[in-house]
Visitor: 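Pasting a structure here, questions to come.
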Amino acid sequence: QHTGQTSTDLKHGGQTSTDRGQVDTEFHATPFLGFNLTAIKEFRAAVEKRAKLRQYLFVTKNNTKLGERFKCLETDEWVLDPGSIRITEKNFYKKLPQESPVKANRTFRACSVVGNAGMLRNSSCGGEIDSSNFVFRSNFPPIGGEYNDDVGTKTQFLTANPSIFAKFYKNLKKTADKKSLAEDLTRYGHALVWTHPFHLKRYADVTLRAHDATRKFKTQNPVLFSHPKFLRNLTAFWNEHGMKAVRASTGLALATIAASLCDQVTLYGFWPFPFYRGRALSYHYYDRAVIGDVQFQNKTLEYYLLTNFHPYHNFTEEFLILQKMQGKGILKVQVGECQ
Ligand code: CDP
């Protein structure tokens with residue numbers, strides 16, 4: 001099955017072939033030789049210097065003035081100006097915490113960042129994930145029940161792209177949809193929800209409604225807003241460190257945050273390739289459709305389009321960045337089954 005050519009193909013974004021033999025990876029991971037405290041400290045200091053994570057991860061009353069204007073980060077393709085949002089008492093200000101829950105010098109010991117890659121299915125990584133002190137997940141992935149063994153049950157930090165509120169909770173306009181969000185959030189215990197009102201202006205209001213929903217239905221989940229300054233500087237940080245894509249994905253953002261807040265970070269479910277050791281994979285671990293043998297060439301292409309030719313981020317490029325970090329002992333990237 002393996003051609004030995006694959007890792008080079010993948011370095012070029014996997015565009016060269018949709019042949020199963022060639023894309024079925026014999027990816028040579030950079031070995032993980034243990035955590036390197038000096039490298040971790042250097043990385044943390046560099047992120048802190050560029051993105052001021054401890055100050056700007058969340059919008060708080062301490063880092064925002066009433067009446068301040070936040071410039072949004074992106075536009076829809078057909079609009080030139082991303083626009084801005086003025087922080088008023090009525091919209092965001094009264095919903096902001098006084099200060100960031102991330103305390104100045106506090107770090108967590110062991111953290112897991114759970115990406116959503118199909119490789120997690122049948123990985124038996126759930127126990128390992130749950131044994132860490134702090135678990136990051138992105139975009140409301142299904143957990144519990146049939147997923148317990150593979151992805152675990154704990155969550156402390158949950159990202160929510162506002163498009164999820166728009167798409168799956170019908171913009172949170174009706175009480176029934178707010179209630180359904182509140183009910184779904186119970187899966188994640190006390191996890192804080194990190195969402196992005198200042199990304200695309202048209203999504204700002206739905207993040208406010210998500211906040212209202214958690215209050216109205218008294219969920220345990222604080223909804224916290226990302227500061228545009230942090231997201232902008234995070235991308236700048238990675239661009240200055242070799243990333244070509246115009247923005248970091250949720251996964252790379254979480255890996256960066258985790259490495260800044262935790263002594264030992266392990267990533268799970270970061271695998272932007274359509275195959276693993278001869279096994280065809282779904283794009284997300286919870287997707288039903290696996291790349292079928294019958295039409296695998298089309299499906300493989302679709303997979304590459306999703307992971308490599310996303311308009312903003314590129315998972316393969318990010319995967320190689322994360323491999324480099326693993327090589328330096330800044331974090332560990334778990335590939336394949338857990339022991
Ligand atoms: O929001 P986004 O499209 O970035 O991500 P997602 O599909 O919800 O998955 C969360 C993260 O898992 C991504 O940002 C990637 O870092 C990682 N992922 C991966 O490495 N390979 C996949 N096949 C799917 C996701």
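Both counts, for ligands and for their atoms, begin at 1 and track the order of listing. Values in this document were obtained by computation on a predicted structure and should not be read as measured data.
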Visitor: Can you list the ligand 1 atoms lying under 4.0 Å from a non-hydrogen atom of H284?
Guide: 6 (P), 7 (O)
Visitor: Give the atom numbers and elements of ligand 1 that come within less than 4.0 Å of a heavy atom of S138.
Guide: 10 (C)
Visitor: Taking heavy atoms and a distance under 4.0 Å, where does M119 meet ligand 1: side chain, backbone, both or neither?
Guide: neither
Visitor: With heavy atoms of S249 as the reference, note each atom of ligand 1 found under 4.0 Å away.
Guide: 4 (O), 14 (O), 16 (O)
Visitor: Decide whether an N or O pair under 3.5 Å exists between G251 and ligand 1.
Guide: yes
Visitor: Taking only heavy atoms of W271, which atoms of ligand 1 are found under 4.0 Å from at least one of them?
Guide: 19 (C), 20 (O), 21 (N), 22 (C), 23 (N)
Visitor: Between N221 and T219, is there a side-chain donor-acceptor contact under 3.5 Å, judged purely by atom types and distance?
Guide: yes
Visitor: Any chance you could lay out the ring pair (Phe, Tyr, Trp, His ring centres under 6.0 Å) test for F225 and F92, step after step, and finish with the verdict?
Guide: CA-CA 9 Å; F225 306 115; F92 285 96; 5.0 Å; yes
Visitor: Hey, are D263 and R44 close enough for a salt bridge, meaning a charged N less than 4.0 Å from a carboxylate O?
Guide: yes
Visitor: Could you identify the single nearest non-hydrogen protein atom to atom 17 (C) of ligand 1 and state the distance to 0.1 Å?
Guide: G269 O, 3.9 Å
Visitor: Output the distance between atom CZ (F168) and atom OG (S180), rounded to the nearest 0.5 Å.
Guide: 11.5 Å
Visitor: Taking the six-membered ring for Trp, are Y286 and H284 parallel (under 30°), tilted (30 to 60°) or perpendicular (over 60°)?
Guide: parallel
Visitor: Show the atoms of ligand 1 that are less than 4.0 angstrom away from any heavy atom in H313.
Guide: 3 (O), 4 (O)
Visitor: Can you check whether Y268 and F270 have ring centres sitting under 6.0 Å from each other?
Guide: no
Visitor: Which is it for F273 and F319 under the ring pair (Phe, Tyr, Trp, His ring centres under 6.0 Å) test, yes or no, and what are the steps along the way?
Guide: CA-CA 10 Å; F273 313 118; F319 185 83; 5.2 Å; yes
Visitor: Please list, in number order, the atoms of ligand 1 under 4.0 Å from a heavy atom of N139.
Guide: 1 (O), 2 (P), 5 (O), 6 (P), 8 (O)
Visitor: Regarding K178 and the six-membered ring of Y169, is the cationic atom NZ or CZ under 6.0 Å from the ring centre and inside 45° of its axis?
Guide: no
Visitor: So which protein heavy atom does atom 13 (C) of ligand 1 come closest to, and at what separation?
Guide: F315 CZ, 3.4 Å
Visitor: Can you sort out which atoms of ligand 1 are near G115, meaning under 4.0 Å from one of its heavy atoms?
Guide: 12 (O)
Visitor: Name the closest protein heavy atom to atom 12 (O) of ligand 1, giving the residue it belongs to and the distance to 0.1 Å.
Guide: N116 N, 3.2 Å
